[in-house]
Enquirer: 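Please see the structure below; I have some questions.
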Amino acid sequence: MKISNAFFPTLKEIPTEAQIKSHKLMLRAGLIRMLSSGIYSFLPIGYRVLKKVCQIVREEMDTIGGQEFHLPALNPIEIWEETNRVEAFGDTMFHVKNRNYILAPTHEEIICNIAKNNLKSYKELPQIWYQIQTKFRNEPRPRSGVLRGREFTMKDSYSLDCILEGLNKSYDLHSEAYKKIFSRCGLKFFIVGASSGAMGGNNSQEFLVESKEGGEDFAVVCENCNYASNIEIATSNPQKIEREKISKTIEEIFTPNIKTINQLSEFLKTDKSHLAKSVVYKVDEKPVLILMMGNDKLNEEKLKKYLHGEIEKIEDEKLVEIFGADGGSLGPVNLKNVKIIADKRLENLNQLVCGANKNDFHIVNIDLIRDTSIEFYADIRTVEENEPCVNCSSPLKIITAIELGHIFKLGTKYATSMNATVLNEEGKQVPIIMGSYGIGIERIIACFIEQHSDEDGIIWEKKLSPFDVHLISVNTDNQNIMNTAENIYNELKENQVDVIYDNRLNITAGVKFKDADLLGVPIQLIVSERNVKNGNIEIKFRNSGERSILKIEDIKTFILDFIHK
RNA sequence: CGGGGCGUAGCUCAGCCCGGCUAGAGCGCUUGUUUUGGGAGCAAGAAGUCGGAGGUUCGAAUCCUCUCGCCCCGACCA
């Protein structure tokens, strides 16, 4: 490709809309342009990278026996009502205004529909079906360029089995394929156990890339024993508190202007492990009081597992109405008509301090068994940095990360509601057992750039690079230089080398070098007077900045060796 | 959906508080010319309904109301 007649719009300045490195560079290097919030066009250079990523994904999916589909993005809403997911997705799903269609946010229902209509027998299983296509989700807040878009490319695959061992095998195949995909893409990633959220099912793992700037997920990891888990489900071994031998009589005490656990601990000279914080949620419009030890943070994801229905933080104004006190003074003693749940860490403890449901008063010497009617205890706290690991007691780390891929064992949830069954060996109708496995294609690109760039631009590795070689002619008014560069260009093209050739006239060398570094193709070939007169060409490696001189006649061999190495 | 910020030339921004000349700068773009190894010099030029609508005023980029868009934090989110 010759830049003189190509669309390669680079930017010297950083558009204000971009905050994180990958977004800035994708805009500056002419890979993408925004159409609207969370909606991006891939320009020719960016699309080349996207296609390379897709090809790697495709090859690895095909290797594990995957078969590629092309599925409709426009779906009749009825099929989504069968699984009750119109409601589950809520505002996240795009609805077509003048027809009863939706824009598909994912494709379990469509896959399940095809399976139901066409698969009859266990003999036809297992199947792995995948697609690499655009998905639509009305993200309430798109951000970080292509990292969280309303329209984005996703590889999703679905495994179909009718026995559990089959599902396990399909799941493991995907796990291995994903490791290969992300390694081939040159990413440093790690794997954690995760919550399956609105997808349904139980077992699930996420493939994450550490990123302080663009990360939206938090992973809890142990560097000693390799325990790794999304914070949504992570557990730890916090210090255990024992019940004291004697439960003293409860007593209301005056605690003027004490609102927080820190203030209370200071005021009473009491360790936080003897203070219990009360937080209130609304579950199906009814208040639920949740007791946490000290400053422990409630984990909503964990809480959701124990409470059915929508959970939501309660408005401050409602608190006075229900409890007769404000936020900092609530407690579980003498509460009627409010369900109480407590974190496992507090189980059956005594000698505790809680709010008195009366502003500026707390109650001391509470015995949770004697003085409260707690419905149940459960692990609902959020793990904190440096707490001991559940397996090996080493201090845990918390890492901010971007989610690249997620694999789930879905089970029979969709097959059951859509009545997708096959006959098993005994001639019995059994529901198809599904697995679901996603990869965010644009996220691979953005994560790669997050990990591979410097102040001058992107540093592609050859597998994802939009071109193999960036050819630059420096002295454009010298016909000999232009001819030499043109010959190199043609020779490389004839040998299937992808070359981008900066043949622009009347542009200073500096501009060409800056653009080349910004785009970040691994090898730059620089054709200039000073070297051509000796029959030489300069070569610069983008990653190391290293330069060397080659004989013109050796270039082809050198480049081909480099590409195929 | 709550909180905050921003919207002026293709890009980055000044001007707005405190209304008043023909709305500015740098970069980019066009033409000419000189340059040609790290985003060039000189000369000339094109480019804007100041996001949109309404209002106040003799007069609005500037003040008021509404509205649309973008970014950030939170909520939410496979």
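The sequence lines fix the lettering, A, B, ..., with proteins before strands; numbering per chain opens at 1. None of the values given here were measured: they were computed from a predicted structure.
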Enquirer: Once you apply a heavy-atom cut-off of 4.0 Å, does A:Ile507 come out as touching a base, just sugar-phosphate, or nothing?
Expert: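 Contact class for A:Ile507: base.
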Enquirer: Would you say the ring centers of A:Phe69 and A:Trp129 fall short of 6.0 Å from each other?
Expert: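 A:Phe69 vs A:Trp129: aromatic centres under 6.0 Å.
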Enquirer: Rounded to whole Å, how long is the line connecting atom CG of A:Leu11 with atom P of B:rU12?
Expert: 8 Å
Enquirer: Could you tell me whether A:Pro140 contacts a base, only the sugar-phosphate backbone, or nothing, with contacts defined as non-hydrogen atoms closer than 4.0 Å?
Expert: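 Touches a base.
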Enquirer: Pick the closest RNA chain B nucleotide for A:Glu206 and for A:Leu35 by heavy atoms, then say which residue is nearer the 5' end.
Expert: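 With A:Glu206 and A:Leu35 compared, the 5'-side residue is A:Leu35.
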Enquirer: Calculate the interatomic distance between A:Arg504 atom CZ and B:rG28 atom P; express it in whole Å.
Expert: 13 Å
Enquirer: Think A:Arg141 has a side-chain N or O under 4.0 angstrom from the OP1 or OP2 of B:rC73?
Expert: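 For B:rC73, OP1/OP2 do have a side-chain N/O of A:Arg141 under 4.0 Å.
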Enquirer: If I take atom CD in residue A:Glu529 and atom C1' in nucleotide B:rU36, what distance separates them, rounded to the nearest angstrom?
Expert: 9 Å
Enquirer: Atom CD1 of A:Ile539 and atom P of B:rG37: how far apart are they, to the nearest Å?
Expert: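 Roughly 21 Å, once rounded to whole Å.
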Enquirer: Tell me whether the OP1 or OP2 atom of B:rA40 has a side-chain N or O from A:Thr508 closer than 4.0 Å.
Expert: yes
Enquirer: Using only atom types and a distance under 3.5 Å, with no angle test, would you say the side chain of A:Arg33 pairs donor to acceptor with the backbone of A:Tyr40?
Expert: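 No; zero donor-acceptor contacts below 3.5 Å.
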Enquirer: Taking atom C1' in both B:rU56 and B:rC66, compute the distance separating them and give it to the nearest angstrom.
Expert: 15 Å
Enquirer: What does A:Lys540 touch in the nucleic acid at a heavy-atom separation under 4.0 angstrom: a base, only the sugar-phosphate, or nothing?
Expert: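 Base contact.
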Enquirer: Find the distance A:Gln19:CD to B:rG4:C1' and express it as a whole number of Å.
Expert: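 About 13 Å, once rounded to whole Å.
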Enquirer: Ignoring backbone atoms, test whether A:Lys304 places a side-chain nitrogen or oxygen under 4.0 Å from the OP1 or OP2 oxygen of B:rC77.
Expert: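 Checking B:rC77 against A:Lys304, a side-chain N or O does come within under 4.0 Å of OP1 or OP2.
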Enquirer: Is it possible for you to check whether A:Lys2 lies under 6.0 Å from the centre of the six-membered ring of A:Tyr501, through NZ or CZ, and within 45° of that ring's axis?
Expert: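 So A:Lys2 doesn't make the cation-pi contact.
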Enquirer: Within this structure, what is the OH-to-P distance between A:Tyr40 and B:rC70, rounded to whole angstrom?
Expert: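 So the OH-P distance, A:Tyr40 to B:rC70, works out to 10 Å.
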Enquirer: Is there a side-chain polar atom (N or O) of A:Thr16 under 4.0 Å from OP1 or OP2 of B:rC6?
Expert: no
Enquirer: Under 4.0 Å between a side-chain N/O of A:Thr476 and OP1 or OP2 of B:rU36, yes or no?
Expert: no
Enquirer: Figure out the CZ/C1' separation between A:Arg148 and B:rC76, and round it to whole Å.
Expert: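 Interatomic distance, CZ of A:Arg148 to C1' of B:rC76: 9 Å.
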Enquirer: Between B:rC77, B:rG37, B:rC11, which nucleotide has the shortest distance from any of its atoms to the side chain of A:Asn531?
Expert: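 Nearest listed nucleotide: B:rG37.
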Enquirer: So, are A:Glu450 and A:Lys21 salt-bridged, with charged N and O less than 4.0 Å apart?
Expert: no
Enquirer: Does A:Tyr47 have more than 12 heavy atoms from other residues, nucleotides or ligands lying within 6.0 Å of its OH?
Expert: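 12 or below, so no.
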Enquirer: Heavy atoms only, 4.0 Å cut-off, all strands: where does A:Ser473 land among base, sugar-phosphate and nothing?
Expert: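 Nothing, no nucleic acid heavy atom in range.
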